[in-house]
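Counting convention: from 1, in listed order, for ligands and their atoms alike. Every value quoted in this text rests on a predicted model; they were computed, and no experiment measured them.
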Amino acid sequence: MVIMVYLLVFLMAASMISADTNEEILVRFRKYLSNDTALHNWDSSVALCNGHGSEWSGVVCVNGSFYGLKLEKMGLTGMIDVDTLAELSTLRSFSVMNNNFGGPIPEVRKLHGLRALFLSDNQFAGEIKEDAFKGMRFLKKVHLARNEFNGKVPNSLAALTRIMELDLRGNQFVGRIPRFRETEDWKVFNVSNNRFQGPIPSTLSNADPSSFAGNKDLCGKPLGPCKSSSKKRIIIISILVALVVILAIIATFIFIRARKDSNSESKLGDKTKSGKAFGYTDGEEVDDQSESEHYSKYKTSTAGNGELTFVRNDRERFELEDLLRASAEVLGSGSFGSSYKAVLLNGPAMVVKRFRRMNNLGKEEFHEHMTMLGSLSHPNLHPVVAYYYRKEEKLLVSDYVTNGSLARHLHGRKTPGQAGLDWSTRLNIIKGVARGLAYLYTELPGLSLPHGHLKSSNVLLDRNYNPLLTEYALVPVINRDHAQQFMAAYKSPEYTQFDKTTNKSDVWSLGILILEMLTGKFPENYLKAGKRSGNNSDLATWVNSVVREEWTGEVFDKDMNDTKNGEGELLKLLRIGLCCSEARVELRWDMREALERIEELKERETDEEYSSYASDWDVYSSRAMTDDEFSFSLVG
Ligand SMILES: *[C@@H]1O[C@H](CO)[C@@H](O)[C@H](O)[C@H]1NC(C)=O
Ligand SMILES: *[C@@H]1O[C@H](CO)[C@@H](O)[C@H](O)[C@H]1NC(C)=O
Ligand SMILES: *[C@@H]1O[C@H](CO)[C@@H](O)[C@H](O)[C@H]1NC(C)=O
């Protein structure tokens, strides 16, 4: 007995030490919100609840204890961090009505004790998973009105035993209305203005007819009777059969044609084929033979014609001739030109990159820009070591990096037995990329696009898989037409739609990179030429497909096999990716915010965190029944 008491005290003390206070939890929750000035007075040093209520805007306290959040009409957007909310053991009511939240419905079932959920008047979209409300046995009020939900109403919602308010109006729900419980004590029931069809379940036959208005094909009490004559059915079935036959014929025809087409031309996006081209440059296949010839011609034409200018002082000097005399190997050919690896005699291996598409910047200005690049120094930047200037073309010289580009590791052909990048490596890479990018933002405030060309083939990996950014800050020296057609920042929605880039365009590229790393999928239109080819809708489609799949949980790259405890973190990174690639610039995070969020990610949840989380819930669930009858309304 004595031992047990001690153990209990010990456990309680342990959970008190490691668990955050409600104040701290809410401050953490706020971090994933954007446009949140309405919450400026959230301050963890001010007590959440006092005798009269709360000094925190949007916080609801009842009898001096935290009860719920009422964050309504605040212009909020960003991400609802449910995992953090779930740490609030007494959260009973949650409202974000009338804000600008989008994306799929948050995973509310993690909030086991919730009584009331108000998400109306936002832009939440997509299908709601079948088990989205499973196990929420205290839930009484669900308000999802005027969002963009579609698909069927999940059975877990219909199965809630205590529900008495349900507002689904103004969405795109389809299918039959499920069998909700008897309507007698419903306080709110309204499914109007959706696309429901079929018979209304008998449990709802006493509801007000206006609750069903604006659905095209509902029938049965309280609406008119369902008529289904067998004659009608036969007609419909025969039409359907005819349609299926016609479709089958068309499909066969298309299939045959498609096969012919694919035989006659090789596809650019073919993963195995282009694996090599991801090495150093922009992902075009390169013809080694002719490029090598070109290089040797190049050697003869430039030899003795000028000299290399070093922009870094920490390197041993060599001459252009040393480079030209070195054995060269073509690394790849990209939109700017080709890259070669040159191994100096008794010296290091260097990469020489030829730029054929620079603008007409004079020698002085070019030198100035390169010197500025050479002065940058950060563990996640691949430094420019030297350059060679000629009017028609320029060479940039940098160190050779062993592990090639991130793109190659994500999409290239794997040698058998070679493992893909695991989660902790990817997280490390993302953190490094974000740090490098943030460094560029602080060091180059004068550039509207401090990087300009961030994408997976421009992230090199060193021996220890630390990321090194390359091809940064080149916008001022690249031919403008060419930049607009090929550089990553010019694929951003603001450029494709409004012809302008902003200082958040690089953040957008970062978002796309994050999504690419998490899904292992290559963003389609990087393979294709830019704006002019009209392919930008592909990238938007690609992002949407990621959002959709987050929904089914199948989005993550299977190569990350070490995520066991880190799945929450993985999901957070996914949301960060989505917040960074937000199409609307004003809602997109800025660089500082993106970096902060990324830095907060952990490789995995620690054991202590996990157990304090679990014990919170144990304490909670034994108490939850007693005050359940307490009713609290945020509406009306
Ligand atoms: C709050 O306090 C009042 C008066 O003390 C009491 O009647 C009410 O039941 C309390 N509510 C809750 C939820 O504890
Ligand atoms: C940001 O919030 C304010 C209110 O705080 C709102 O008026 C504005 O529309 C919001 N902006 C966006 C882009 O959501
Ligand atoms: C249901 O909502 C519609 C608006 O979509 C409204 O006209 C109707 O009166 C509502 N009915 C009930 C019973 O709330």
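Taking 4.0 Å as the cut-off, T77 does not count as a neighbour of ligand 2 on heavy-atom distance.
Residue M74 approaches ligand 2 through these ligand atoms, each under 4.0 Å from one of its heavy atoms: 2 (O), 4 (C), 5 (O). Residue N100 has at least one heavy-atom neighbour below 4.0 Å for each of these atoms of ligand 2: 12 (C), 14 (O).
When D83, D81, D131 are each tested for a salt bridge (Lys or Arg N to Asp or Glu O under 4.0 Å) with K110, only one passes: D83.
F149 is linked by a ring pair (Phe, Tyr, Trp, His ring centres under 6.0 Å) to nothing, counting only residues two or more places apart in sequence or in another chain. Under the salt bridge (charged side-chain N to carboxylate O under 4.0 Å, His left out) criterion, E596 pairs with R592, sequence neighbours left out.
Surrounding CD of E55 are at most 12 heavy atoms belonging to other residues, nucleotides or ligands under 6.0 Å away.
Side-chain atoms of D167 never come within 3.5 Å of backbone atoms of L144 as a donor-acceptor pair (strictly under, hydrogens ignored).
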Give me the pairs of N or O atoms, one from ligand 3 and one from the protein, that sit under 3.5 Å apart.
{"unit_1": "ligand 3", "atom_1": "2 (O)", "unit_2": "R169", "atom_2": "NH1", "d": "3.2"}
{"unit_1": "ligand 3", "atom_1": "2 (O)", "unit_2": "N190", "atom_2": "OD1", "d": "3.3"}
{"unit_1": "ligand 3", "atom_1": "2 (O)", "unit_2": "N190", "atom_2": "ND2", "d": "2.3"}
{"unit_1": "ligand 3", "atom_1": "2 (O)", "unit_2": "S192", "atom_2": "OG", "d": "3.1"}
{"unit_1": "ligand 3", "atom_1": "5 (O)", "unit_2": "S192", "atom_2": "OG", "d": "2.8"}
{"unit_1": "ligand 3", "atom_1": "5 (O)", "unit_2": "N193", "atom_2": "ND2", "d": "3.1"}
{"unit_1": "ligand 3", "atom_1": "11 (N)", "unit_2": "N190", "atom_2": "ND2", "d": "3.0"}
{"unit_1": "ligand 3", "atom_1": "11 (N)", "unit_2": "S210", "atom_2": "OG", "d": "2.8"}
{"unit_1": "ligand 3", "atom_1": "14 (O)", "unit_2": "N190", "atom_2": "ND2", "d": "3.1"}

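Between F101 and F124, the two ring planes are parallel [angle under 30°; tilted spans 30° to 60°].
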In residues 211-224, what donor-acceptor pairs under 3.5 Å come from side-chain atoms, sequence neighbours left out?
{"unit_1": "S211", "atom_1": "OG", "unit_2": "F189", "atom_2": "O", "d": "3.1"}
{"unit_1": "S211", "atom_1": "OG", "unit_2": "D208", "atom_2": "O", "d": "2.8"}
{"unit_1": "N215", "atom_1": "OD1", "unit_2": "N194", "atom_2": "N", "d": "3.0"}
{"unit_1": "N215", "atom_1": "OD1", "unit_2": "R195", "atom_2": "N", "d": "3.3"}
{"unit_1": "N215", "atom_1": "OD1", "unit_2": "F196", "atom_2": "N", "d": "3.0"}
{"unit_1": "N215", "atom_1": "ND2", "unit_2": "V191", "atom_2": "O", "d": "3.1"}
{"unit_1": "N215", "atom_1": "ND2", "unit_2": "F212", "atom_2": "O", "d": "3.0"}

